[in-house]
Amino acid sequence: VPVGTKGSIKSLPPNFIKEIGIQLAFVNTYHLVTHPGVEVIAKAGGIHKYAKLDIPLMSDSGGFQVFSLATQHKGEEVPYVVKISDDGVKFRSVFDGEMLELTPEKSIEYQMKIGADMMMAFDECVPYGSNYDYSKKAMDRTHEWLKRCIVKVRRWKIGMEAGQENRIKKLEKPPTSKHPLPNSFLNLPSNSQFLYGIIQGGIYEDLRKKSAQFVASCDVDGVAIGGVAVGEGKKEMRDEVKWVAPYLPKDKPVHLLGVGEIDDIFDLVKYGVDTFDCVEPTRKARMGGIFQSQKHNSKVKSLISEIDIHRGIYRNDLSPVDENCECWVCQNFTKSYLHHLFKQRELLGYTLATYHNLWVMERFFDRIREMIKNNII
Ligand SMILES: [Zn+2]
């Protein structure tokens, strides 16, 4: 799931999304709430229309930025948390200092207005190193908040929220091409937005298992694993997923929040994770880290390596950007040209590198899906 934090997959024009084969992208509620604000996005008909992101979209609850980043990286660039309570969290926007509030209900309302297809329940993500008692408290709070998110989504869907009476009436008469839906209707969020509950529990096995059992027992459309890869080592991170694997529902999608390095993905798919969001392919692309696909018969784990296109050895290298890749970039451009663009800080370099890295990622996942189908993993 490529990350389009602020409503854009950085440097990638949206018309390339389908060509690359991207099926789902991720947007961050916290960023969109602080700028441009959810009201204008809702008025535009949701983020799909506003940003021309014509594929299913997943949003987070906003909690991760507020809780986790704020406590881990103290500084000017992070939200300033004013108060955390059982009701929610109050914080100041990094953008303009405005006082904002996130509660389970607010988070769902924001995500509904953004128009995301897959929404995350509001959760408390504890920083790495949190002790058992605090991790348990945050987990219990996350569970209580999940119940409130479910109620909020239900109320919204059956039209119990204020101002939706007209919408219900319109729904009784299905729209036809002769009588299309009025604009005011289109401005309202879609009725087919789905909710994921989030498993928390820090680094503690019994808490993780308890949380997984609780979330799986709730009336949610999908299950997400949160609070991993927040500073712990790779083994610990993988253990956190392994512990909950037996409790993950077989009939619902499972998402792992914020993890997506190549070697992690391959191992974690085995535990039942279906989707991953991570900035890795796009961030690396912008830093000149160009994925190199290995031959089809290579081991899947080492299917992708990486080169730094800034290196002088590529200045006169007229071979394709990636010799084993069939993407539009590799059919048309050389390592030398990409090296030149990056050295000269030409903006096209970021676009070409992002296109290629995401293409390689998609083919990696094609391969994984094939292996699952053939019972190889
Ligand atoms: Zn390519």
Side-chain angles (χ1 to χ4, degrees), residues 1-5 8-26 51-57 259-266 269 275-373 377:
V1 187
V3 178
T5 306
S8 103
I9 296 174
K10 287 188 198 304
S11 85
L12 190 76
N15 57 316
F16 287 140
I17 288 175
K18 285 193 178 167
E19 190 176 304
I20 295 169
I22 297 166
Q23 301 175 22
L24 177 63
F26 201 91
K52 294 284 177 281
L53 293 169
D54 192 18
I55 48 168
L57 296 174
V259 177
E261 288 186 24
I262 308 287
D263 56 336
D264 294 332
I265 291 170
F266 189 70
V269 159
T275 49
F276 303 81
D277 68 279
C278 187
V279 294
E280 169 124 331
T282 45
R283 178 175 288 166
K284 281 199 165 155
R286 295 194 307 282
M287 289 164 65
I290 309 299
F291 287 169
Q292 299 289 294
S293 342
Q294 304 306 308
K295 290 240 160 48
H296 204 64
N297 55 6
S298 314
K299 280 189 177 169
V300 172
K301 261 192 160 179
S302 54
L303 267 185
I304 303 176
S305 60
E306 192 189 324
I307 57 166
D308 178 2
I309 202 69
H310 291 97
R311 292 180 61 203
I313 53 166
Y314 299 118
R315 186 168 176 174
N316 296 308
D317 186 340
L318 292 173
S319 66
V321 173
D322 171 356
E323 310 216 24
N324 295 313
C325 178
E326 289 171 350
C327 87
W328 171 73
V329 172
C330 296
Q331 298 308 305
N332 290 285
F333 304 101
T334 58
K335 290 189 182 76
S336 170
Y337 182 58
L338 215 59
H339 168 83
H340 160 68
L341 293 178
F342 269 87
K343 289 304 261 189
Q344 296 298 311
R345 295 199 174 86
E346 280 289 329
L347 301 181
L348 181 61
Y350 308 123
T351 302
L352 297 184
T354 300
Y355 184 111
H356 164 76
N357 276 8
L358 287 175
W359 176 281
V360 172
M361 241 3 214
E362 289 299 332
R363 302 298 80 78
F364 175 65
F365 272 88
D366 286 347
R367 183 87 190 274
I368 290 180
R369 280 191 280 270
E370 205 178 288
M371 293 179 85
I372 291 172
K373 222 163 119 187
I377 23 177

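Everything numeric here is computed off the predicted structure, so don't read it as measured data. In listed order, ligands and their atoms are each counted from 1.
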I want to check something: taking the side chain as every heavy atom from C-beta on, are [X] and [Y] in contact at a cut-off of under 4.5 Å?
{"X": "Ser336", "Y": "Asn316", "answer": "no"}
{"X": "Ile17", "Y": "Asp54", "answer": "no"}
{"X": "Ile265", "Y": "Phe365", "answer": "yes"}

Next on the checklist: With 2.8 Å as the limit, count the protein N, O or S atoms near the Zn ion (ligand 1).
Outcome noted: 4
Not counting sequence neighbours, which residues clear salt bridge (charged side-chain N to carboxylate O under 4.0 Å, His left out) with [X]? List them please.
{"X": "Arg363", "value": "Asp366"}
{"X": "Lys284", "value": "Glu280, Glu306"}
{"X": "Lys52", "value": "none"}

